[in-house]
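All of these numbers come straight from a predicted model, not from anything done at the bench.
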Amino acid sequence: MRRQRGQANLASVAVIPQSIATKENVFYLQARFRTVWVRPENSQKLNLYNSINSGAYGIVSQDYESVTRALGEYDDFSSARMPFVVAHRGLPNSYN
């Protein structure tokens, strides 16, 4: 993991691949950044569950429906942090 690179750039958000999104790594990064987001390897349920259970603040995925279904399987009193659902295309004046 490139810990020094994010700190040197004064980053406040880290987007990491699901393959390194362990609870320990997410906790380490959250202690140094403001938010940590995970990019699942694909939309298979196990990968989505692992991303949710990592403790990250958000999940970066183009398959919104699969992520929403996976999140819906957690009850209100689970210990998983509910990630943010955000959509942004980068050019709001050019695209809806």
Side-chain angles (χ1 to χ4, degrees):
M1 193 175 331
R2 297 182 181 166
R3 296 178 179 133
Q4 300 301 321
R5 185 175 177 183
Q7 291 171 343
N9 292 322
L10 302 175
S12 63
V13 177
V15 178
I16 61 174
Q18 181 238 325
S19 61
I20 63 168
T22 63
K23 285 186 178 191
E24 293 80 16
N25 286 344
V26 170
F27 179 79
Y28 177 89
L29 290 169
Q30 285 173 339
R32 286 147 183 83
F33 297 93
R34 292 193 183 117
T35 58
V36 177
W37 291 59
V38 175
R39 183 183 306 271
E41 293 175 11
N42 56 48
S43 295
Q44 292 179 356
K45 279 188 173 185
L46 182 59
N47 289 326
L48 295 176
Y49 295 151
N50 287 336
S51 297
I52 294 166
N53 294 334
S54 71
Y57 284 99
I59 297 174
V60 178
S61 175
Q62 292 189 7
D63 190 353
Y64 166 81
E65 291 156 347
S66 292
V67 174
T68 302
R69 277 194 302 275
L71 287 170
E73 294 180 20
Y74 288 80
D75 64 22
D76 292 339
F77 302 105
S78 74
S79 61
R81 177 186 313 241
M82 283 302 175
F84 293 113
V85 177
V86 178
H88 180 38
R89 293 189 176 193
L91 298 170
N93 294 332
S94 301
Y95 301 97
N96 294 337

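Looking at Y57 and Q30, their side chains never bring a donor and an acceptor atom within 3.5 Å of each other.
For the residue pair S54 and V38, the shortest heavy atom distance occurs at OG-CG2, 3.6 Å. Listed here is the closest heavy atom pair of I16 and V26: CD1-CG2, 4.1 Å. Between S43 and L48, the shortest heavy-atom distance links the atoms O-CD1, 3.6 Å. In terms of heavy-atom proximity, Y49 sits nearest to A70 at CE2-CB, 4.1 Å.
Listed by first and then second residue, the salt bridge (Lys or Arg N to Asp or Glu O under 4.0 Å) pairs that reach into residues 47-66 come to none, sequence neighbours excluded.
Every residue was checked against the side chain to side chain donor-acceptor pair (under 3.5 Å) condition with N50, not counting sequence neighbours, and none meets it.
With hydrogens and angles disregarded, no donor-acceptor distance shorter than 3.5 Å links the side chain of N47 to the backbone of E41.
Note that the CG atom of L71 and the CD1 atom of I52 stand 4.0 Å from one another [nearest 0.5 Å]. Within the model, atoms CG of N42 and CD of Q18 stand 7.5 Å from one another, a figure rounded to the nearest 0.5 Å. In this structure, the separation between OG1 on T22 and CG on N53 is 12.5 Å, given to the nearest 0.5 Å.
Around the CD atom of E73, the shell of radius 6.0 Å holds more than 12 heavy atoms that belong to other residues, nucleotides or ligands.
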